[in-house]
Amino acid sequence: MGSLGAILKHPDDIYPLLKLKMAARHAEKQIPVEAHWGFCYSMLHKVSRSFALVIQQLDPELRNAVCIFYLVLRALDTVEDDTSIATDVKVPILIAFHRYIYDRDWHFSCGTKEYKVLMDEFHHVSTAFLELGRSYQEAIEDITKRMGAGMAKFICNEVETIDDYDEYCHYVAGLVGLGLSKLFYASKLEDLAPDSLSNSMGLFLQKTNIIRDYLEDINEIPKSRMFWPREIWSKYVSKLEDLKYEENSDKAVQCLNDMITNALIHAQDCLTYMSALREPSIFRFCAIPQIMAIGTLAMCYDNIQVFRGVVKMRRGLTAKIIDRTKSMADVYGAFFDFSCMLKSKVNKNDPNATKTLKKLEAIQKTCRDSGLLNKRKSYIIRSDSRFNSAVLVAFFIILAIVFAYLSANRPKNY
Ligand code: IN0
């Protein structure tokens, strides 16, 4: 749907969209004047759009550390993703990356578009990194080292079992959770979260990305990238790419639902992690991507479009989530609503229906047991039904006008 169509269908998106636009404009004006920090913050806005705005509202010292952590990870990711780099060149770079962040003279050209600029001008990132406090530097170095080694391990190994899938997601996203928890702790604004909960925060986001990006990854040129574990897809097809062919649509959707059921395992850990956060800006920073993830899973469930094109949350809904996520009541509300939406899509003929429903019910129970559900602004379901009534009223008004016009112009035969 085009953006005008989306706005006509969801007029209550307009206000949060305008607010987001104004926040983006305000953030642009706040870009630091020093060349290296200026580069880092403008790069952050180029590579992450709405997420950059959420980073922007963190406490300044923590914000600088998260901005650098984000860019270092994006750079590492650019090396891992660039399929044109030979393996024997790529692996040593991934393994040594944690040392390059201390070296203002290091650079390696790869990637495309804004990622190429990030790589070519990486000296700005290392200059900024060297200005961070030592505890922030240590956390970023430690995670970069472990992630680089993990990525190198998976360059040659395919994701076969569900354990491999969890291990790969731990390297590329779970470790991000561990690193962020360390940064929050270093800022003295939060206690140190348990590693297993921090890991789940990353796994829930990354598994959602892997599910949503099936087509983009399989169609990657020169070589497709495959992250769906064989242990799951082999129950439905004999080759992962077969899921995209029309004749396998039923199997493809069953496999997709299986993958979503697997991702839902992490939702409750995520709720526990978020409920322990104390600082409101850190809470929002963590909660917004999580709500987007469960919303994306709800959109993807039983949706063949995942194998045909892009299934993405509309910009207006993203803006609404950013605008309305302030407290744990909002998070429980959103997780409850999206679980309801998922539940309504589960077909009892799906091979994993019972398992999926059990997980959704457990998530809903956690939300209900929090005692915060009735205090929520249920923005997803209620606003849409309110809108439907508005459409109905508008429809009857138009009908009345047309009727009045026709009656007034009817030829009088008396
Ligand atoms: C992230 C995560 C992220 C944010 C907050 C808390 C987290 C806790 C554990 C793990 C990750 C956490 O969030 C971003 C969100 C993001 O980048 N969104 C993009 C949209 C998109 O589709 O790319 C945007 O433009 O808004 C995220 O996805 N990842 C990430 C990377 C670094 C950091 Cl510091 C935080 C990537 C990933 C792979 C899921 C960890």
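Computed from a predicted structure; not experimentally measured. First listed ligand is number 1; within each ligand, the first listed atom is number 1. FYI, side chains are in, hydrogens and waters are out, and symmetry mates aren't considered; it's all heavy atoms of this structure.
Closest to atom 1 (C) of ligand 1 by heavy atom, among Ile55, Val176, Thr318, Leu183, is Val176. The heavy atom nearest to atom 15 (C) of ligand 1, out of those in Phe184, Phe285, Phe51, is found in Phe51.
Using cut-offs of 30° and 60° on the angle between ring planes, the pair Tyr100 and Trp106 is parallel. Using cut-offs of 30° and 60° on the angle between ring planes, the pair Phe227 and Tyr168 is parallel.
Summary of contacts: the protein heavy atom closest to atom 36 (C) of ligand 1 is Asn209 ND2, 5.0 Å. With hydrogens left out, the protein atom closest to atom 38 (C) of ligand 1 is Gln206 OE1, 3.2 Å, a heavy atom. In this structure, atom 10 (C) of ligand 1 lies nearest to the protein heavy atom Gly202 CA, 3.6 Å. The protein non-hydrogen atom at the shortest distance from atom 9 (C) of ligand 1 is Gly177 CA, 3.3 Å. Among all non-hydrogen protein atoms, the one lying nearest atom 30 (C) of ligand 1 is Tyr70 CE1, 4.0 Å.
Classification of Lys326 and Asp330 as a salt-bridged pair fails, no side-chain N sitting under 4.0 Å from a carboxylate O. For Glu361 and Lys343, the salt-bridge test passes: some basic side-chain N is under 4.0 Å from an acidic carboxylate O. Checked for salt-bridge contact, Lys182 and Asp142 meet the test: a charged N lies under 4.0 Å from a carboxylate O. Using a 4.0 Å cut-off between charged nitrogen and carboxylate oxygen, Arg278 and Asp191 count as a salt-bridge pair.
Under the 4.5 Å side-chain criterion, counting only non-hydrogen atoms from C-beta, Leu256 is in contact with Trp228. Side-chain contact check for Thr78 versus Cys110: some heavy-atom pair is nearer than 4.5 Å.
If you look at Arg74 next to ligand 1, the close heavy atoms, those under 4.0 Å, all belong to the side chain. Only the side chain of Arg212 comes within 4.0 Å of ligand 1, counting heavy atoms alone; its backbone N, CA, C and O stay farther away.
The presence of a protein heavy atom under 4.0 Å from atom 20 (C) of ligand 1 is ruled out. Within the 4.0 angstrom cut-off, atom 3 (C) of ligand 1 has one or more protein heavy-atom neighbours. When distances from atom 27 (C) of ligand 1 to the protein are checked, no heavy atom turns up under 4.0 Å. The nearest protein heavy atom to atom 40 (C) of ligand 1 is closer than 4.0 Å.
Set against the non-hydrogen atoms of Ser50, the atoms of ligand 1 under 4.0 Å away are 26 (O). Atom numbering of ligand 1 starts at 1 in the shown order; those under 4.0 Å from a heavy atom of Met201 are 8 (C), 9 (C). Each of the atoms 6 (C), 7 (C), 8 (C), 12 (C), 34 (Cl), 35 (C) of ligand 1 lies under 4.0 Å from some heavy atom of Leu180. Ligand-side atoms of ligand 1 in range of Phe69: 34 (Cl), range being under 4.0 angstrom from any heavy atom. Counting the atoms of ligand 1 from 1 in the order shown, those under 4.0 Å from a heavy atom of Ser48 are 24 (C), 25 (O), 26 (O). Those atoms of ligand 1 with a heavy atom of Leu205 less than 4.0 angstrom away are 2 (C), 3 (C), 11 (C), 12 (C), 13 (O), 39 (C).
Closest heavy-atom contact between Val346 and Leu360: CG2-CD1, 4.2 Å.
Using modelled atom types, one finds a donor on one side chain and an acceptor on the other under 3.5 Å when comparing Tyr102 with Glu141.
Applying the side chain to side chain donor-acceptor pair (under 3.5 Å) rule to pairs touching residues 149-160 yields Lys153-Glu167, Glu160-Arg230, sequence neighbours excluded.
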Check the pair Lys345 / Asp302 against salt bridge (charged side-chain N to carboxylate O under 4.0 Å, His left out), numbers first and verdict last. CA-CA 7 Å; Lys345 288 169 95 183; Asp302 217 41; over 6 Å; no
